[in-house]
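First up is the structure itself, then whatever we jot down about it.
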Amino acid sequence: MATLREILAERLAHALAAAGFSDAPAEIAPASDARFGDYQANAAMILAKKNRANPRQIASEIIQHLDVAGISDPPEIAGAGFINFRLRPGFLARQAGHLASDDRLGRTPAAQPQRIILDFSAPNVAKPMHVGHIRSTILGDSLARIARFLGHEVISDNHIGDWGTQFGKVIYGWKHFLNPEALETDAIGELVRLYREVNALEATDETVKKTAREELVKLQQGDPENHAIWLRAVELSWREFQKLYDLLDIHFDERLGESFYNSALGPLCEKLAAAGLAEVSEGALCLFFRDIPALADKPAIIRKSDGGFLYATTDLATIEHRVQRWDPSAIWYVVGAPQALHFQQIFAAARKMGVTADLRHIVFGSILGEDRKIMRTRSGENVGLAEVLREAIERARVLVTEKNPDLPAEEREEIARIIGLGAVKYAELSQNRLTDYVFSWDKMLSFQGNTAPYLQNAYVRIRSIFRKLEGGFDGKAPVQIESPAERALAVKLLQFAETVPLVLEDFRPNLLANYLYELADTFHGFYEACPVLKSEGATRASRLVLCDITARTLSKGLGLLGIRCPEKM
RNA sequence: GCAGCCGUAGCUCAAUUGGAUAGAGCAUCUGACUACGGAUCAGAAGGUUAGGGGUUCGACUCCCUUCGGCUGCACCA
């Protein structure tokens, strides 16, 4: 089913062709203000600029050829040359009626599905996940859900940091003062303790430092004992990550960490050197980008002078593997802004290697504490993700208990999880990913304003109507538009289909979040103005259909953000 | 020093990528209602979009410049 925008754009395209303006973009935008109608076309002003003509004159020529009978009132020219459309209630009612029986709520799959590798989350083994991982994890998951909904094939890959110099210290600590019980109950905590103790010892004891470095070399050379310790540390860490991913309802298709590429690093360097793409400078094997001004004096080192490899090497091997195995049309990296230069280098290098896939670094800003500085605990450490999620659920539990003390404890617990996790996810996804944002419990868990609980509550109110409903629900009843509130709701509902794709244009789930908030707001207006259960006959049937579509759109939309809706709260 | 990102109401954020009088929420003030879940709704007030210049019918958006903040810049990841 075509969206409102597509329908108007098609009519506009015909009119432009008929009027002799076939080179103009047939684009329709939502009206900037409800006073002007529902949609607007700015083509006349663009054409006027191009042809040095009078925009209103051109607008009137376009209008003469514009056939929107049955869809819109006659288009009007306003201002500098805007063409405004006001959709007809009958048309809106018919279109909205189609949504009632459509699981996809009017959004047809992409005409040209792509295969996309989505690289996100990527925690480091032997370190706890902290709030810094929230954005990548939640943003990445949401983009995966949205891309899949739009018909693309998404391969999500958790490129965990399971290989690095920290393992020399972890292995040394493991051999000398491992606490097996602590490892059992809190594996990552114990691994962190080992790392820190060795680190502290190294500061005063050269022997420890030397031995730890030797443990690392042994690991890298394949020593069976060290390899076994490393493998166990990775699996124990992963087990804890998995608990968080399960809680967050986030799943990965692949978990190809850095270590997966170890054997590919040497050959890759040889290949690049042999092809003349890499050259030795100051003893290190480097890739130079002399043809790119921004990178002209910023080579990427792929093999150190001591023969060791770097994460640039691993990332290039990763791209090579992904291209060979999946031949994706795009690879998306959801990684923080500080790594922008690294990705510029990696992408430039990949292009030298002949990679044609669309490589994107999806940048995001930092999470700040209420003091507007990078969020830290009182002792100056990163705030743990597990602790954040636990506190969110705990706070939600208090709120639910306060509001609805009679619900069975088990149900309350489930609702607290949905609300607490939803609040954290929505706080992240409802803002522009580029801006730093201030983490505030009170704001994200508020039931007022642009928050997950507000949207969930709108859903719950609708479900409550259906619980009270007597005499069954006819989902096929025709939609009638009799009041401004019903009209506004119908338009909003029909705009779901044109909002979702916008998210992928610049990787901005906040556009969808914004839409859902506006939908909930519009619904509340409808809810106040249009009694549902107390109305009768065809009006009542129509309003029930509108309620049902709204509930499904809220649920589907929040679902695309990775957020669930409770039936009660 | 060079480069990138950012600067919007008291606070937290939008602005569909160059469109009309820059929009929401919180907080503040005024109203509605023993309520289809009031965890609501209607309204008021709040702005030189950091400052200055430029491009054009039109600029928060593009260009130049100043100021301020964050980040990165050869063998950590």
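Below, chains carry the letters A, B, ... as their sequence lines are ordered, and counting in each starts from 1. Hydrogens, waters and symmetry mates play no part in the numbers below; they use all other heavy atoms, side chains included. What you see is a predicted model, and the numbers here were worked out from it, not measured in a lab.
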Q) Is any side-chain heavy atom of A/W230 closer than 4.5 Å to a side-chain heavy atom of A/S259? A) yes

Q. Any side-chain heavy atom of A/E567 sitting closer than 4.5 Å to one from A/I415?
A. no

**Q.** B/rU40 OP1/OP2 closer than 4.0 Å to side-chain N/O of A/H524
**A.** no

Q) Using atom P of each nucleotide, how far apart are B/rG52 and B/rA9 to the nearest Å? A) 15 Å

Q: Please work out which of the three classes, parallel, tilted or perpendicular, describes the rings of A/Y527 and A/H524, given edges at 30° and 60°.
A: perpendicular

Q) Do A/E202 and A/K169 meet the salt-bridge criterion of a basic N to acidic O distance under 4.0 Å? A) yes

(Q) So, does A/K468 get its side chain near the phosphate of B/rG37, meaning an N or O under 4.0 Å from OP1 or OP2? (A) yes

Q) Between A/F120 and A/F364, is the gap from one ring center to the other below 6.0 Å? A) no

Q) Among B/rG19, B/rA20, B/rG37, which is the nearest nucleotide to the side chain of A/N42? A) B/rG19

Q.
Distance check, P atoms only: B/rU8 and B/rA50, in whole angstrom units.
A. 6 Å

(Q) So for A/N84 and B/rA20, does any side-chain atom that can act as donor or acceptor lie under 3.5 Å from a complementary atom in the base? (A) yes

Q. Below 4.0 angstrom, N of the basic side chain to O of the carboxylate: do A/E414 and A/R417 qualify?
A. yes

(Q) At 4.0 Å (heavy atoms only), tell me whether A/E258 reaches a base, stays on the sugar-phosphate, or touches nothing. (A) sugar-phosphate

Q: Among B/rA77, B/rA74, B/rG72, find the nucleotide with the atom closest to the side chain of A/Y311.
A: B/rA77

Q) Reckon A/Q431 has a side-chain N or O less than 4.0 Å from the OP1 or OP2 of B/rA14? A) no

(Q) Suppose you measure atom P in B/rG25 against the same atom in B/rC2; what distance do you get, rounded to whole Å? (A) 44 Å

Q: For nucleotides B/rU55 and B/rC60, find the distance between their P atoms and express it as a whole number of Å.
A: 16 Å

Q. Between A/N450 (CG) and B/rC26 (P), how many Å, whole number?
A. 10 Å

**Q.** Residue A/E528, side-chain heavy atoms: nucleotide from B/rU40, B/rA77, B/rA20 that is nearest
**A.** B/rU40

(Q) By nearest atom, which of the nucleotides B/rC6, B/rA77, B/rC36 is closest to the A/Q339 side chain? (A) B/rA77

Q) Can A/Y527 be classed as stacking with the base of B/rC41, given a centroid separation cut-off of 5.5 Å and a plane angle cut-off of 30°? A) no

Q: Take the protein atom CG of A/L469 and the nucleotide atom C1' of B/rC36, then report the distance between them rounded to whole Å.
A: 11 Å

Q.
Determine whether a donor-acceptor pair (one donor, one acceptor, N or O, separation below 3.5 Å) exists between the side chain of A/T165 and the base of B/rA77.
A. no

Q) What integer distance in Å separates A/K298:NZ from B/rG4:P? A) 10 Å

Q | A/R463 and A/D548 ion-paired at < 4.0 Å | A | no

Q. Is the shortest heavy-atom distance from the side chain of A/I62 to the side chain of A/I58 under 4.5 Å?
A. yes

Q. Between B/rG23 and B/rA14, how far is it from one C1' atom to the other, in whole Å?
A. 7 Å

Q.
Output the rounded distance in Å from CZ (A/F526) to P (B/rC36).
A. 14 Å

Q: Using atom CG of A/L216 as one end and atom P of B/rA77 as the other, report the distance to the nearest whole Å.
A: 10 Å

Q) If pairing requires Watson-Crick or G-U wobble contacts with both distances under 3.5 Å, which nucleotide is the partner of B/rA3? A) B/rU71

(Q) Categorize A/C530 for me: base, sugar-phosphate, or nothing, with a 4.0 angstrom heavy-atom threshold over every strand shown. (A) base

Q | A/F496 CZ - B/rU16 C1' separation (whole Å) | A | 16 Å

Q.
With a 4.0 Å cut-off on N to O distance, would you call A/R395 and A/D442 a salt bridge?
A. yes

Q.
Between B/rC26 and B/rC62, how far apart are the two P atoms, rounded to whole Å?
A. 31 Å

Q. Does B/rG19 have A/F82 stacked on its base, where the ring centres are within less than 5.5 Å and the planes differ by under 30°?
A. no

(Q) Need the pair for B/rA24. Rule: Watson-Crick or G-U wobble, both distances under 3.5 Å, any strand; none if unpaired. (A) B/rU12

**Q.** Sugar-phosphate, base or nothing in reach of A/D306, heavy atoms under 4.0 Å
**A.** nothing

Q. Is there a Watson-Crick or G-U wobble partner for B/rG18 with both distances under 3.5 Å, and if so, which one is it?
A. none

Q. Mind checking who B/rG37 pairs with, Watson-Crick or G-U wobble, both distances under 3.5 Å?
A. none

Q. Does A/D436 use its side chain to pair, donor to acceptor, with the backbone of A/L368 at less than 3.5 Å?
A. no

Q) Along nucleotides 55-65 of chain B, 5' to 3', which nucleotides get a B, which get an S, and which get a -, given that the test is a protein heavy-atom distance under 4.0 Å? A) -SBB-------

Q. Does B/rU48 have a Watson-Crick or wobble partner in any strand here, with both distances under 3.5 angstrom, and which is it?
A. none

Q) For B/rC41, does either OP1 or OP2 sit under 4.0 Å from a side-chain N or O belonging to A/Y454? A) yes

Q. Which whole number of Å gives the distance between the P atom of B/rU16 and that of B/rG7?
A. 13 Å

(Q) So if I take residues 29-41 of chain A and measure heavy-atom distances to RNA chain B, which residues fall below 4.0 Å? (A) A/P30, A/S32, A/R35, A/F36, A/Q40

**Q.** Phosphate OP1/OP2 of B/rU12 contacted by A/K443 side-chain N/O (<4.0 Å)
**A.** no

Q: Could you check how far CG of A/D521 sits from P of B/rG25, rounded to whole Å?
A: 7 Å

Q. Does a donor on one side chain sit under 3.5 Å from an acceptor on the other, for A/Y426 and A/N450?
A. yes

(Q) So, does A/T313 get its side chain near the phosphate of B/rA77, meaning an N or O under 4.0 Å from OP1 or OP2? (A) no

(Q) By the 4.0 Å heavy-atom rule, please label A/S446 as base, sugar-phosphate, or nothing. (A) nothing

Q. Taking C-beta and beyond as the side chain, do A/R487 and A/L87 meet within less than 4.5 Å on heavy atoms?
A. yes

Q. Does A/E498 reach the main-chain N or O of A/Q495 with its side chain, forming a donor-acceptor pair under 3.5 Å?
A. no

Q | A/Y333-A/F343 aromatic ring centre distance below 6.0 Å | A | yes

Q.
Mind checking if A/D442 touches a base, just sugar-phosphate, or nothing, with heavy atoms under 4.0 Å?
A. nothing

**Q.** Length of the CD-P vector between A/E518 and B/rC41, whole Å
**A.** 14 Å

Q | Complement of B/rU55, any strand, by Watson-Crick or G-U distances under 3.5 angstrom | A | none

Q. Counting side-chain heavy atoms from CB outward, which of B/rU12, B/rA74, B/rA14 is closest to A/V438?
A. B/rU12

Q: Please state the P separation for the pair B/rU30 and B/rC70 - nearest whole angstrom.
A: 41 Å

**Q.** Side chain of A/F288 (C-beta onward), nearest among B/rA74, B/rC73, B/rG37
**A.** B/rA74

